[in-house]
Amino acid sequence: MESDKQNFFERVYEVVHQIPRGRVTTYGAIAAFLGSKGSSRLVGWAMNQSHNACPGIPAHRVVNRLGILTGKHHFGSPSMMQQLLENENIRIENDRVVDFRKKFWDPARTL
DNA sequence: AGTCTGACTAGTA
DNA sequence: CTACTAGCCAGAC
């Protein structure tokens, strides 16, 4: 009885907020870490709401499973997300994270 | 109640 | 690489 969906969103913010600088993660990884592997879309939705629910969340560190900046259009400017990542020593090429596998940060692995 | 959309993912062709 | 389908869940109409 304590499966509040609200908890899901709060956990997403918590996990994203704990992403170390210079690292990135995926929606599926967060969703799987929270116990809902198929709800990767919810993570994206949580990010969309994060702007209002939890400002300060490094949503630019969250990309899709291929390391593509799918949500770049939600940062006000389509180049803002890439700029933020490049500011953290993360190289972006063609809207994709270079060496994504190396920069990938697994919440279940650190937490 | 239903229907559509969306910052996803896996599978198939 | 693209295009489509199915599953997933929340929100807006």
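Proteins get letters first, then strands, A, B, ... in listed order; numbering begins at 1 in each. Values reported hereafter were calculated over all heavy atoms of this structure, with side chains retained and with hydrogens, waters and symmetry mates removed.
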Sugar-phosphate only, base, or nothing, as touched by A/N64 at under 4.0 Å among non-hydrogen atoms: sugar-phosphate
Within one Ile-Leu-Val-Met-Phe-Trp-Tyr cluster: A/L42 and A/I19, side-chain cutoff 4.5 Å: yes
Atom pair distance, as rounded to whole Å: CG in A/N7 and C1' in C/dC9: 16 Å
Distances under 3.5 Å between protein N/O atoms and the N/O atoms of nucleotides 3-7 of chain C, please, pair by pair.
residue	atom	partner	partner atom	Å
C/dG7	O6	A/R41	NH1	3.0

Closest-nucleotide 5' rank along DNA chain C - winner of A/L66 and A/Q49: A/L66
Spacing of A/N87 atom CG and A/M80 atom CE [to the nearest 0.5 Å]: 11.0 Å
Sugar-phosphate only, base, or nothing, as touched by A/R96 at under 4.0 Å among non-hydrogen atoms: sugar-phosphate
Straight-line distance of A/L34 CG to A/F8 CZ, nearest 0.5 Å: 5.0 Å
Start and end of chain A contact along DNA chain B [non-hydrogen atoms, under 4.0 Å]: B/dG6 to B/dA10
Pairing string, 5' to 3', for DNA chain B - Watson-Crick or wobble contacts under 3.5 Å, brackets [ ] where pairs cross, | to another strand: .|||||.||||||
Verify same cluster id: A/V63, A/I68 (apolar side-chain graph, 4.5 Å): no
Straight-line distance of A/S79 OG to A/E86 CD, nearest 0.5 Å: 10.0 Å
Spatial distance of atom CD (A/E14) from atom CD (A/Q18) [nearest 0.5 Å]: 5.0 Å
Cluster overlap A/F9 with A/F33, hydrophobic side-chain contacts below 4.5 Å: yes
Atom-pair distance (CG on A/L34; P on C/dC8), nearest Å: 17 Å
Whichever of A/R65 and A/L42 has its nearest DNA chain B nucleotide further upstream toward 5': A/L42
Gap separating the CD1 atom of A/I90 from the NE2 atom of A/H60, nearest 0.5 angstrom: 7.0 Å
Sugar-phosphate only, base, or nothing, as touched by A/A46 at under 4.0 Å among non-hydrogen atoms: nothing
Cluster overlap A/Y27 with A/V12, hydrophobic side-chain contacts below 4.5 Å: yes
Interatomic distance where OH belongs to A/Y27 and P belongs to C/dC9 [whole Å]: 19 Å
Backbone of A/W105 reached by a side-chain donor or acceptor of A/T25 within 3.5 Å: yes
Along DNA chain B (nearest heavy atom to each residue), the more 5'-positioned of A/K37 and A/K72: A/K72
A/R23 side, atom CZ; A/L85 side, atom CG - distance, nearest 0.5 Å: 13.5 Å
